[in-house]
J.: 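Take a look at this one; I'll ask things after.
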Amino acid sequence: MTTPSIELKPSSTPLSDAEREAILANPGFGRHFTDHMVTVKWTEGRGWHDAQLTPYAPLSIDPANMTLHYAQEIFEGLKAYRRPDGSVATFRPDANARRFQLSARRLAMPELPVETFIDACDALVQQDKAWVPEHGGEASLYLRPFMFANEVGLGVRPANEYLFIVIASPAGPYFPGGVKPVSVWLSENYVRAVPGGMGFAKTGGNYAASLLAQAEAAAKGCDQVVWLDALEHRTVEEMGGMNLYFVYGDKIVTPELTGSLLAGITRDSLLSLARDLGYESAEGRITTDQWKRDTENGSLTEVFACGTAAVITPVGTVKSTGGEWTQSNGEPGKVTMELRKALLDIQTGKAEDKHGWMHELG
Ligand SMILES: *Cc1c(COP(=O)(O)O)cnc(C)c1O
């Protein structure tokens with residue numbers, strides 16, 4: 001696979017400094033987009049070509065575009081952080097690039113070379129560097145690479161034409177008022193993914209399937225839904241769009257990757273980072289019965305969720321058809337907060353990057 005070089009066609013009318021600063025003062029999440037985007041095309045026979053950085057703009061989509069009908073679509077999410085010296089770095093973009101290939105394979109799409117994925121993200125961050133929030137807080141520039149079938153027709157088959165795009169959106173701190181535990185609903189009526197399905201792929205379809213369950217969780221008074229295995233509804237898989245960790249004293253355990261879980265890069269990083277901090281870390285199987293029992297007998301001391309958007313989120317109250325219980329008195333746990341700080345310190349350049357996770361852009 002050859003990697004096309006990106007032709008730079010920047011905007012002649014980017015937002016003014018004042019307009020951009022006003023957005024950066026209160027960016028929220030996924031509401032504002034930077035001045036540019038990167039697009040790369042793929043067509044049968046030609047492969048990847050026509051890589052361009054252009055002004056951010058709407059696309060013109062044919063009503064019979066295959067993606068609108070059959071959802072052949074995948075995406076990624078990663079962040080660029082401002083470092084103390086003013087430079088900018090992204091967190092493990094190579095891992096996102098490889099997962100993007102894995103997702104592509106599952107959805108019968110062409111694989112984008114790792115190098116092209118990283119080049120596209122780098123080009124956008126370089127161009128829109130002024131959009132990366134200042135060092136100091138937990139704000140960042142969220143990158144959203146995605147790819148979809150771009151062929152017109154209603155026949156059901158893999159498309160022979162695709163479009164890869166990267167857009168970027170400034171993201172404020174996830175917990176502007178301080179870290180607060182979320183309440184969760186253990187979902188038995190709905191499942192996110194089934195064995196042999198596409199749970200390990202980052203694809204919009206998995207999110208479409210999650211919305212009704214999320215609404216059910218909200219109706220039960222919970223912030224988030226916890227996914228259980230599809231066959232028995234007993235084994236814990238994930239929380240919303242995040243992976244889960246169970247803290248047993250000085251050991252942290254995360255559900256093993258059975259194929260129906262999404263292999264989070266935050267999850268993977270924490271397996272190593274916890275060991276650096278002197279904790280034991282492991283992958284394993286945790287059932288809902290065990291979750292309740294071990295909380296009640298005091299051996300399970302904390303539970304948290306992790307993912308790029310929120311980094312680490314403590315879990316407070318758990319509600320289910322089998323009862324209700326509360327983790328670490330509804331307060332953010334000590335191990336949870338220690339890991340959260342350690343990871344954020346690496347990402348924002350405050351702590352040494354022993355694992356070579358940061359990709360520096362200058
Ligand atoms: C993206 C995602 C995660 C978290 O992955 P990160 O790489 O850590 O951001 C977890 N679960 C689901 C379902 C996801 O889509």
Side-chain angles (χ1 to χ4, degrees), residues 6 27-34 36-40 53 56 73-83 87-104 111-129 131-133 135 137-148 164-174 200-204 206-207 240-243 262-273 305-313 340 343-349 353 355-362:
I6 300 169
F29 181 80
R31 289 196 284 119
H32 302 279
F33 297 90
T34 65
H36 298 90
M37 61 186 190
V38 171
T39 54
V40 189
L53 177 139
Y56 184 98
E73 185 272 351
I74 58 173
F75 68 94
E76 271 302 327
L78 68 161
K79 283 176 169 177
Y81 295 89
R82 182 79 64 180
R83 311 178 54 88
S87 68
V88 169
T90 50
F91 183 69
R92 303 188 68 183
D94 54 317
N96 293 91
R98 286 193 302 273
R99 186 170 67 190
F100 198 62
Q101 291 185 330
L102 211 71
S103 299
E111 290 173 37
L112 183 75
V114 167
E115 203 185 329
T116 310
F117 182 100
I118 297 175
D119 285 353
C121 293
D122 286 1
L124 184 58
V125 175
Q126 286 290 9
Q127 182 69 44
D128 286 335
K129 204 162 168 183
W131 285 88
V132 182
H135 175 78
E138 291 181 7
S140 61
L141 184 65
Y142 181 80
L143 305 180
R144 169 54 62 90
F146 62 106
M147 166 166 53
F148 59 93
F164 169 73
I165 307 183
V166 190
I167 54 176
S169 174
Y174 200 82
F200 66 87
K202 217 168 169 71
T203 175
N206 288 334
Y207 278 75
M242 302 175 82
N243 294 111
L262 197 289
I265 293 158
T266 318
R267 171 192 181 278
D268 180 71
S269 306
L270 288 170
L271 281 171
S272 305
L273 189 59
C306 63
T308 297
V311 190
I312 286 183
T313 302
R340 187 173 195 280
L343 184 55
L344 270 165
D345 281 354
I346 295 173
Q347 292 172 331
T348 55
D353 173 25
H355 299 278
W357 284 336
M358 300 314 293
H359 173 71
E360 289 174 31
L361 295 169

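Just so you know, residue 1 is the first one in the sequence shown, and it goes up from there.
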J.: Let me know which of Arg92, His355, Gln347 forms a side-chain hydrogen bond (donor to acceptor under 3.5 Å, both in side chains) with Ser269.
T.: Arg92

J.: Flag the pair Tyr142 / Phe29 as yes when their ring centroid distance falls below 6.0 Å, and as no otherwise.
T.: yes

J.: Could you grab the distance from atom CZ of Phe164 to atom OG1 of Thr39, nearest 0.5 Å is fine?
T.: 10.0 Å

J.: Report the C-alpha separation of Phe200 and Leu102 in whole Å, then their side-chain angles, then the decisive distance to 0.1 Å, and conclude whether the side chain to side chain contact (heavy atoms under 4.5 Å, CB included) test is met.
T.: CA-CA 8 Å; Phe200 66 87; Leu102 211 71; 4.2 Å; yes

J.: Looking at Lys202, is its backbone amide N or carbonyl O close enough to the side chain of Ser103 to form a donor-acceptor pair, meaning the two atoms are under 3.5 Å apart?
T.: yes

J.: Where is the tightest heavy-atom contact between Ile167 and Phe33, given as atom of each residue plus distance?
T.: CD1-CE2, 3.9 Å

J.: Between Thr203 (side chain only) and Glu73 (backbone N and O only), is there a donor and an acceptor less than 3.5 Å apart?
T.: yes

J.: Hey, could you give me the CE/OG1 distance between Met358 and Thr348, rounded to the nearest 0.5 Å?
T.: 8.0 Å

J.: Examine distances only and state if a side-chain atom of Arg144 and a backbone atom of Ile165 form a donor-acceptor pair shorter than 3.5 Å.
T.: no

J.: Please find the pair of heavy atoms, one from Leu143 and one from Cys121, that lie closest to each other, and give the distance.
T.: CD1-CB, 3.9 Å

J.: Measure across Lys79 and Ala309 and return the closest heavy-atom pair with its distance rounded to 0.1 Å.
T.: NZ-O, 2.8 Å

J.: Flag yes if more than 12 heavy atoms outside Phe75 fall under 6.0 Å of its CZ atom; otherwise flag no.
T.: yes

J.: Report the relative orientation of the aromatic rings in Trp357 and Phe91; use parallel for angles under 30°, tilted for 30 to 60°, perpendicular for over 60°.
T.: perpendicular

J.: Taking Thr266's backbone N and O only, do any of them form a donor-acceptor pair with Asn243's side chain (distance below 3.5 Å, no angle check)?
T.: no

J.: Can you list the steps and then say if Leu270 with Cys306 is a side chain to side chain contact (heavy atoms under 4.5 Å, CB included)?
T.: CA-CA 9 Å; Leu270 288 170; Cys306 63; 3.8 Å; yes

J.: Show the nearest heavy-atom pair for residues Ala310 and Met242, with the distance to one decimal.
T.: CB-CE, 3.7 Å

J.: Under a 4.5 Å cut-off applied to non-hydrogen side-chain atoms, are Arg267 and Leu262 in contact?
T.: no

J.: To the nearest 0.5 Å, what is the distance between CG (Leu78) and CG (Asp94)?
T.: 10.0 Å

J.: Distance from Glu115 atom CD to Asp122 atom CG, nearest 0.5 Å?
T.: 10.5 Å

J.: So which atom in Pro27 and which in Gly172 form the shortest heavy-atom distance, rounded to 0.1 Å?
T.: CG-N, 3.4 Å

J.: Roughly how far apart are Thr90 OG1 and Ile118 CD1, rounded to 0.5 Å?
T.: 7.5 Å

J.: Does Asp128 reach the main-chain N or O of His36 with its side chain, forming a donor-acceptor pair under 3.5 Å?
T.: yes

J.: So, taking the atom named CG in Leu53 and the one named CE in Met37, what distance separates them when rounded to the nearest 0.5 Å?
T.: 9.5 Å

J.: Got a donor-acceptor contact below 3.5 angstrom from the Ser87 side chain to the Arg83 backbone?
T.: no

J.: Evaluate the criterion side chain to side chain contact (heavy atoms under 4.5 Å, CB included) for residue pair Asn96 and Ile265; output intermediate values, then yes/no.
T.: CA-CA 8 Å; Asn96 293 91; Ile265 293 158; 3.4 Å; yes

J.: Taking all heavy atoms of Gly77 and all of Pro145, pick out the closest pair and write down the distance.
T.: N-CD, 4.3 Å

J.: I'd like to know if the side chain of Glu138 reaches the main chain of Leu344, judged simply by a donor and an acceptor atom lying under 3.5 Å from each other, with no hydrogens or angles considered.
T.: no

J.: Closer than 3.5 angstrom, by distance alone: can the side chain of Gln101 be matched with the main-chain N or O of Leu112 as a donor-acceptor pair?
T.: yes

J.: Are the side chains of Thr34 and Gln127 in contact, using a 4.5 Å heavy-atom criterion?
T.: no

J.: Closer than 3.5 angstrom, by distance alone: can the side chain of Ser140 be matched with the main-chain N or O of Ala80 as a donor-acceptor pair?
T.: no

J.: Are Phe100 and Met147 close enough that some pair of their side-chain heavy atoms sits under 4.5 Å apart?
T.: yes

